[in-house]
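Model, not experiment: these values are computed from the prediction. Note: hydrogens, waters and symmetry copies are ignored here, and every other heavy atom, side chains too, is used. Just follow the structure's listing: the first ligand is 1, and inside any ligand the first atom is 1.
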Amino acid sequence: MSFLVVSPGKDPKAWVEALKNQHPGLNVYVYPEDHDKEEVEFALSWNHPRGIFQNYPNLKVVASMGAGVDHITSDKELPENIKITKVVDDRLEEDMGTFVLSLVLAHQRNLLEYREKQINEKWEPVSYTRNDQVKVGILGIGNLGQSVSKCLLKNGFQVRGFSKNKKDFDHVESFAGEDEFDDFLEQSDILVNMLPLTAETEKILNKELFEKLPKDAYVINVARGEHLVEQDLLAKIDDGHLSGAALDVFWEEPIRPEHPFWKHPKIRVTPHVASVTHPESVVPQIIENYERMKEEEELKNLVKRDRGY
Ligand code: NDP
């Protein structure tokens, strides 16, 4: 029984070390080094080459190296019987919470505008709204969204959450389902996208959605680039409806040198760093699932393949 690590373009060394520290007897292969495919029952993966998992006749589980699983679910050739797991990790949640809080505060206190003014040597105070007057809407209030909501609540913001099913979180007004979507959007001065990428959510950040947000709303996308229709965002910022955006994720990463986001004065670009998985923090749950798979027990953090997250 062997374990396969597949992460093209990403150095697997820290993962392999953490796996071996946690489980010294584990036989770990790193794709594409030479290995016996029949031996592999468990794979740890990030952006695997499409279709490869069909060649592993005894593979039972593909574990994502991160909280997102769209890089696995989007592989149409992934055999139906293979289980998918995601990462749920305190550190990941904390980092996402503080990152989004930083973006919200930077917007709220006009820090990007002041940077521009500094470059132009302009001493020009700008008025600001106090936190308790600002409504932040979290689109997709799951594990990471809840952590974001806690950070925002601690700092006095009003928080709303949108999800598939109604939630009962302290001090967060919950909206769910299509009927409540417009109300949720109309009450979001700042919209934070935390949805998983699925067939239902691809291109959800589009012109129609932006027009339902209040005038001068601000958009933060820390989920996936494919949620956003980039031209619609640019048009709605440039026509003055939106006040700007902070984007951490993109259709193509890195974005091309000539991409209009780079130099847009109202768009903040960060290179997919909102919350980065730390192998040593996450490997214990991967090993636990490996043991559970061997014992034929239910896996933790299992993805429902029919809903895609
Ligand atoms: P979860 O699965 O815990 O939460 C997803 C939330 O979205 C749930 O509340 C779910 O509702 C809701 N949801 C799903 N589909 C819909 C829909 N069609 N309409 C309305 N609500 C929907 O995910 P996580 O919080 O763990 O992760 C969210 C995403 O964050 C990841 O998928 C990944 O893309 C991204 N991410 C980005 C990182 C970065 O560095 N930029 C780092 C890590 C993750 P319900 O609860 O009712 O099912």
Inset, instruction - Mark up the atoms of ligand 1 that fall under 4.0 Å of a heavy atom belonging to Ile141, in ascending order. - result: 9 (O)
Legend entry - The one among Gly161, Ser275, Gly177, Gly145 that brings a heavy atom closest to atom 40 (O) of ligand 1: Ser275
Legend entry - Atoms in ligand 1 flagged as close to Ala223, the criterion being non-hydrogen separation under 4.0 Å: 34 (O), 35 (C), 37 (C)
Inset, instruction - Consider every N or O of Gly140 and every N or O of ligand 1, then say whether any pair is closer than 3.5 Å. - result: no
Inset, instruction - Anything under 30° is parallel, anything over 60° is perpendicular, the rest tilted; go ahead and classify His23 against Tyr290. - result: perpendicular
Inset, instruction - Pull out every atom of ligand 1 sitting under 4.0 Å from any heavy atom of Val249, numbered as shown with elements. - result: 41 (N)
Inset, instruction - Check the angle between the aromatic planes of Phe181 and Phe184 and answer parallel, tilted or perpendicular using the 30° and 60° thresholds. - result: parallel
Inset, instruction - Check if Gly66 has a non-hydrogen atom at a distance under 4.0 Å from any atom of ligand 1. - result: no
Legend entry - Six-ring centre of Tyr128, Arg109 cation under 6.0 angstrom, axis tolerance 45°: yes
Legend entry - Nitrogen or oxygen of Gly142 less than 3.5 angstrom from that of ligand 1: yes
Legend entry - salt bridge (Lys or Arg N to Asp or Glu O under 4.0 Å), paired with Lys164, selected from Glu180, Glu200, Glu178: Glu200
Legend entry - Min heavy-atom dist Lys167 to ligand 1 below 4.0 Å: yes
Inset, instruction - For the residue pair Lys167 and Ile141, establish whether any side-chain heavy-atom pair is separated by less than 4.5 Å. - result: yes
Inset, instruction - Would you kindly specify which portion of Lys164 sits under 4.0 Å from ligand 1, judged on non-hydrogen atoms: side chain, backbone, both or neither? - result: both
Inset, instruction - Going by heavy-atom distance to atom 18 (N) of ligand 1, choose the closest among Lys304, Glu226, Glu178, Glu200. - result: Glu200
Inset, instruction - Flag the pair His227 / Leu139 as yes when at least one side-chain heavy-atom distance between them is below 4.5 Å, and no otherwise. - result: no
Inset, instruction - Would you mind listing which atoms of ligand 1 come within a distance below 4.0 Å of any non-hydrogen atom of Phe162? - result: 20 (C)
Legend entry - For atom 34 (O) of ligand 1, the option (of His71, Gln146, Arg224, Arg307) bearing the nearest heavy atom: Arg224
Legend entry - Test item: Leu302 and Lys83 side chains (from C-beta on) under 4.5 Å apart, heavy atoms: yes
Inset, instruction - Could you tell me whether Glu280 and Arg91 make a salt bridge, using a distance below 4.0 angstrom between a side-chain N and a carboxylate O? - result: yes
Legend entry - Partner of His107 under ring pair (Phe, Tyr, Trp, His ring centres under 6.0 Å), chosen from Tyr218, Tyr114, Phe157: Tyr218
Legend entry - Non-hydrogen atom of Asp248 closer than 4.0 Å to ligand 1: yes
Inset, instruction - Give the contacting part of Thr198 toward ligand 1: side chain, backbone, both or neither, where contact means a heavy-atom distance below 4.0 Å. - result: neither
Inset, instruction - Measure from atom 13 (N) of ligand 1 to every heavy atom in Thr270, Leu195, Leu144 and give the option owning the shortest one. - result: Leu195
Legend entry - Near-ring test Phe175/Phe162, centroid separation under 6.0 angstrom: no
Inset, instruction - Determine whether Trp46 and Phe53 fall in the same hydrophobic cluster, where Ile, Leu, Val, Met, Phe, Trp and Tyr are linked whenever their side-chain heavy atoms lie under 4.5 Å apart. - result: no
Inset, instruction - Using distance alone, decide if ligand 1 has a nitrogen or oxygen within less than 3.5 Å of any nitrogen or oxygen in Asp70. - result: no
Legend entry - Qualifying side-chain hydrogen bond (donor to acceptor under 3.5 Å, both in side chains) pairs with a residue from residues 59-80, counting only residues at least two apart or across chains: Glu41-Lys60, His48-Asp75, Arg50-Ser74, Gln54-Glu77, Ser64-His71, Asp70-Arg224
Inset, instruction - Could you list the atoms of ligand 1 found under 4.0 angstrom from a heavy atom of Met96? - result: 37 (C), 38 (C), 39 (C), 42 (C)
Inset, instruction - Below 4.0 angstrom from a heavy atom of Lys86, which ligand 1 atoms are there? Numbered from 1 as shown, please. - result: 1 (P), 2 (O), 3 (O), 23 (O), 24 (P), 26 (O)
Legend entry - Aromatic ring proximity, centroids under 6.0 angstrom, Tyr56 and His35: yes
Legend entry - Geometric N/O contact Leu197 with ligand 1, under 3.5 angstrom: no
Inset, instruction - Would you tell me which option among Pro196, Ser163, Ser64 has the nearest heavy-atom contact to atom 32 (O) of ligand 1? - result: Pro196
Legend entry - Contacting atoms of ligand 1, where contact means under 4.0 angstrom from a heavy atom of Met194: 28 (C), 29 (C), 30 (O)
Legend entry - Closest protein heavy atom (residue, atom, distance) for atom 48 (O) of ligand 1: Tyr309 OH, 2.5 Å
Legend entry - For Ala274, the ligand 1 atoms whose distance to one of its heavy atoms is below 4.0 Å: 39 (C), 40 (O), 41 (N)
Inset, instruction - Run the numbers on Asn27 and Ser2 for side-chain hydrogen bond (donor to acceptor under 3.5 Å, both in side chains), then give the verdict. - result: CA-CA 5 Å; Asn27 187 29; Ser2 296; 2.8 Å; yes
Inset, instruction - Using distance alone, determine whether Thr201 and ligand 1 share an N or O pair under 3.5 Å. - result: no
